[in-house]
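Notes follow once the structure below has been shown.
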Amino acid sequence: MIGKIDYIPPPSFYIPDTLRKWPWKRDINPHYVECKAESSTWLESFRAFDPKAQHRFNMCDFNLLAALAYPRLNKPGCRIGCDLMNVFFVFDEHSDVADVNVVRKQAAIIMHALRNPHEPRPMTEWIGGEITRQFWANATKTMTKTSQQRFVDAFDAYTSSVVQEAGDRDGNRLRDIESYMKLRRETIGARPSFAILEIEMDIPDYVIRHPIIEAITKSCVDIIIIGNDICSYNVEQAGGNTHNLIGSVMHEFQIGLQEALQWISDLNDELVQKVLSDFARVPTFDGGIVDEQVAIYVDGLGNWVQANDSWSFESQRYFGTKGLEIQRHRHVALLTYKGGTEVLGNRIQLRLGDERTCQISWVLYINGR
């Protein structure tokens with residue numbers, strides 16, 4: 001259960017610049033505009049949301065996240081990345097407002113679709129199954145068998161973690177920092193996203209599992225978590241969502257918001273220092289193609305960290321139209337908590353469309369006023 005903190009929240013807070021020492025700079029795939037148009041048209045064809053809700057969803061521009069995360073993939077690869085980001089966030093929006101039993105069914109549908117991409121989905125099934133099936137049927141045309149298996153395994157762990165998150169939500173559970181990070185390393189969806197970096201590669205499992213490669217991967221996942229949880233915190237706390245590192249830190253140490261942000265910023269600085277040290281220690285494996293692919297892969301991990309940060313401010317997901325302004329001055333006005341399904345000032349209650357959706361209300365951040 002969530003404990004209570006005798007604490008008056010501040011009217012605003014300061015977002016630390018967690019990537020001020022990060023050497024990767026913003027980059028974007030040259031096929032972004034074309035792939036965004038194709039992937040958006042594809043997603044909208046499912047009518048997972050009604051037109052107004054779909055418009056709000058599009059304002060988040062999840063295709064931009066893919067283009068930033070995979071700047072060196074060719075056009076088919078960029079399209080796979082765009083489709084994947086849309087799959088992620090359709091599941092995210094639907095599962096966020098469902099109880100654990102519904103989310104468990106959604107997760108099972110997704111995984112069955114991934115493992116059977118050429119099997120027709122039942123017409124009465126939740127729409128996420130068909131979206132996933134079509135995404136994967138297209139992706140497997142390009143991805144190597146190695147990257148396919150790594151993706152499916154990682155996505156299975158991801159969907160299972162989302163079920164656990166739903167159980168926490170139903171039980172009003174706030175995890176301690178260690179327990180939260182263990183779960184969040186899966187709910188963030190980073191590892192299946194990393195598999196897209198290797199869609200044309202055949203990196204052996206023993207290489208991916210090498211202690212240095214695994215250490216770099218884990219550190220990058222944790223830095224992405226920190227960046228995401230900092231940027232999403234304001235919207236989530238306003239809606240009563242407790243699946244956020246900031247809330248766990250405030251509760252565990254009984255400290256205020258800005259103190260928690262400073263603690264997290266210090267942790268992030270340690271992670272940045274560690275991962276840069278580990279990058280310098282990447283071993284040689286075969287002196288040939290594997291080493292070339294590993295170099296591209298680990299560079300992609302570093303870029304993913306930067307991509308997540310850039311998208312968080314450039315899209316309207318967390319800061320509305322004020323993202324780039326906030327990225328410069330780092331100050332954010334704290335939204336007032338009013339519960340998860342009311343109109344929240346700069347959030348609005350929307351209705352999912354079509355009888356194949358879960359037919360429940362959801363909320364989406366839409367502006368910065």
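Hydrogens, waters and symmetry mates play no part in the numbers below; they use all other heavy atoms, side chains included.
Few gaps surround CD on Glu119; more than 12 heavy atoms of other groups in view lie less than 6.0 Å from it. Within a 6.0 Å sphere centred on CZ of Arg209, other residues, nucleotides and ligands contribute 12 heavy atoms or fewer. By the neighbour-count criterion of 12 heavy atoms within 6.0 Å, atom CD of Glu214 is densely surrounded, having more than that number from other residues, nucleotides or ligands. Annotation for Lys75: atom NZ counts as buried by contact number, over 12 foreign heavy atoms lying within 6.0 Å.
Under the 4.5 Å side-chain criterion, counting only non-hydrogen atoms from C-beta, Met143 is in contact with Trp136. Contact annotation: the side chain of Val33 never approaches that of Glu38 to less than 4.5 Å [non-hydrogen atoms, C-beta and beyond]. Val290 places a side-chain heavy atom less than 4.5 Å from the side chain of Pro204. Residues Leu114 and Phe151 have side chains in contact (heavy-atom distance under 4.5 Å, counting atoms from C-beta outward). With contacts defined as side-chain heavy-atom distances shorter than 4.5 Å, the pair Ser248/Glu252 does not qualify. Taking 4.5 Å as the limit, some side-chain heavy atom of Leu271 sits within range of a side-chain heavy atom of Ser219. Between Asp222 and Asn268 the shortest side-chain heavy-atom distance does not fall below 4.5 Å. Looking only at side-chain heavy atoms (C-beta outward), Leu174 and Met250 stay at 4.5 Å or farther from each other.
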Under the salt bridge (charged side-chain N to carboxylate O under 4.0 Å, His left out) rule, what do Arg72 and Asp27 come out as? Steps first, then yes or no, please. CA-CA 9 Å; Arg72 292 170 183 78; Asp27 198 1; 3.8 Å; yes
Apply ring-ring contact (aromatic ring centres under 6.0 Å, His included) to residues Tyr318 and Phe313 and explain how you reach the verdict. CA-CA 7 Å; Tyr318 304 125; Phe313 293 100; 9.0 Å; no
Apply side chain to side chain contact (heavy atoms under 4.5 Å, CB included) to the pair Met85 and Tyr70, showing each step before the final yes or no. CA-CA 11 Å; Met85 294 304 112; Tyr70 310 113; 4.0 Å; yes
List the steps and the verdict of side chain to side chain contact (heavy atoms under 4.5 Å, CB included) for Cys220 and Trp304. CA-CA 8 Å; Cys220 286; Trp304 237 110; over 6 Å; no
What's the verdict on salt bridge (charged side-chain N to carboxylate O under 4.0 Å, His left out) for Glu130 and Arg133, showing C-alpha distance, side-chain angles and the deciding distance? CA-CA 5 Å; Glu130 179 61 13; Arg133 187 198 70 77; 2.9 Å; yes
Worked verdict on Asp17 versus Arg328 for salt bridge (charged side-chain N to carboxylate O under 4.0 Å, His left out): CA-CA 10 Å; Asp17 185 0; Arg328 289 191 298 270; over 6 Å; no
Going through the checks in order, is the salt bridge (charged side-chain N to carboxylate O under 4.0 Å, His left out) test met by Asp229 and Arg184? CA-CA 10 Å; Asp229 282 17; Arg184 186 64 168 132; 2.9 Å; yes
Report the C-alpha distance between Thr242 and Arg175 in whole Å, list the side-chain angles of each, state the deciding distance to 0.1 Å, and finish with yes or no for side chain to side chain contact (heavy atoms under 4.5 Å, CB included). CA-CA 9 Å; Thr242 63; Arg175 292 174 177 257; over 6 Å; no
Residue pair Gln148, Val152: steps toward the side chain to side chain contact (heavy atoms under 4.5 Å, CB included) verdict: CA-CA 6 Å; Gln148 286 181 39; Val152 172; 5.5 Å; no
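A donor-acceptor pair is defined here as one N or O able to donate and one able to accept, closer than 3.5 Å; no such pair exists between the side chain of Thr284 and the backbone of Gly287. With Ser312 contributing its side chain and Asn308 its backbone, the two residues share a donor-acceptor pair below 3.5 Å. Side-chain N or O atoms of Asp61 include none that pairs as donor or acceptor with a backbone N or O of Ser315 at under 3.5 Å. For the pair Arg191 (side chain) and Val221 (backbone), a donor-acceptor distance under 3.5 Å is absent. Panel note: side chain Asn74, backbone Gly77; a donor-acceptor pair is recorded below 3.5 Å. The main-chain N or O of Leu335 is found under 3.5 Å from a side-chain atom of Asn234 such that the two form a donor-acceptor pair. In terms of modelled atom types and a separation under 3.5 Å, the side chain of Arg169 and the main chain of Ala98 share a donor-acceptor contact. Between the Arg330 side chain and the Gln327 main chain, a donor and an acceptor come within less than 3.5 Å of each other. Side chain of Asn86 to main chain of Cys82: a donor-acceptor pair is present (N/O by atom type, distance under 3.5 Å, no hydrogens or angles). With Asp286 contributing its side chain and Asp291 its backbone, the two residues share a donor-acceptor pair below 3.5 Å.
Using a 4.0 Å cut-off between charged nitrogen and carboxylate oxygen, Lys218 and Asp278 do not count as a salt-bridge pair. A salt bridge between Arg317 and Glu93 is present, with a side-chain N of the basic residue lying under 4.0 Å from a carboxylate O of the acidic one. At a threshold of 4.0 Å, the pair Arg26-Asp309 does not count as salt-bridged, since none of the basic side-chain nitrogens sits closer than that to a carboxylate oxygen. Between Asp99 and Lys105 there is no salt bridge, since none of the side-chain N atoms of the basic residue sits less than 4.0 Å from a carboxylate O of the acidic one.
Heavy-atom minimum distance, Leu334 versus Pro10: CD2-O, 3.2 Å. When all heavy atoms are compared, the tightest approach of Leu73 to His31 is O-CD2, 4.0 Å. Residues Ala307 and Leu65 approach most closely at O-CD1, 4.1 Å, considering heavy atoms.
Between Phe285 and Tyr206, the ring planes lie perpendicular to each other; the angle is over 60°, past the 30° to 60° tilted range. A tilted orientation is assigned to the rings of Trp263 and Phe253, their planes being inclined by 30° to 60°. Using cut-offs of 30° and 60° on the angle between ring planes, the pair His331 and His329 is parallel. Ring geometry for Phe62 against Trp311 counts as tilted: the plane angle lies between 30° and 60°, on a 0 to 90° scale.
Counting only N and O atoms by type, the side chains of Ser277 and Gln273 include no donor and acceptor under 3.5 Å apart. A donor-acceptor pair shorter than 3.5 Å cannot be found between the side chains of Ser40 and Asn58. Remark: the Tyr180 side chain and the Asn244 side chain contain no N/O donor-acceptor pair separated by less than 3.5 Å. Using a 3.5 Å distance cut-off with no hydrogens or angles, the side chains of Gln306 and Trp22 do not pair a donor with an acceptor. No side-chain donor from either of Gln237 and Asn241 sits under 3.5 Å from a side-chain acceptor of the other. Looking at Asp83 and Ser39, their side chains do bring a donor and an acceptor atom within 3.5 Å of each other.
A side chain to side chain contact (heavy atoms under 4.5 Å, CB included) with Val163 holds for exactly one of Thr187, Val103, Asp168; it is Val103.
Atom CD1 of Ile223 and atom CG of Leu19 lie 7.5 Å apart (nearest 0.5 Å). In this structure, OG1 on Thr140 lies 8.5 Å from CD1 on Ile80, to the nearest 0.5 angstrom. Interatomic distance, OH of Tyr14 versus CG of Leu257, reported as 14.0 Å (0.5 Å rounding).
If you look at Phe57 and Phe89, their ring centroids are not closer than 6.0 Å. Trp24 and Phe279 have their aromatic ring centers within a separation under 6.0 angstrom.
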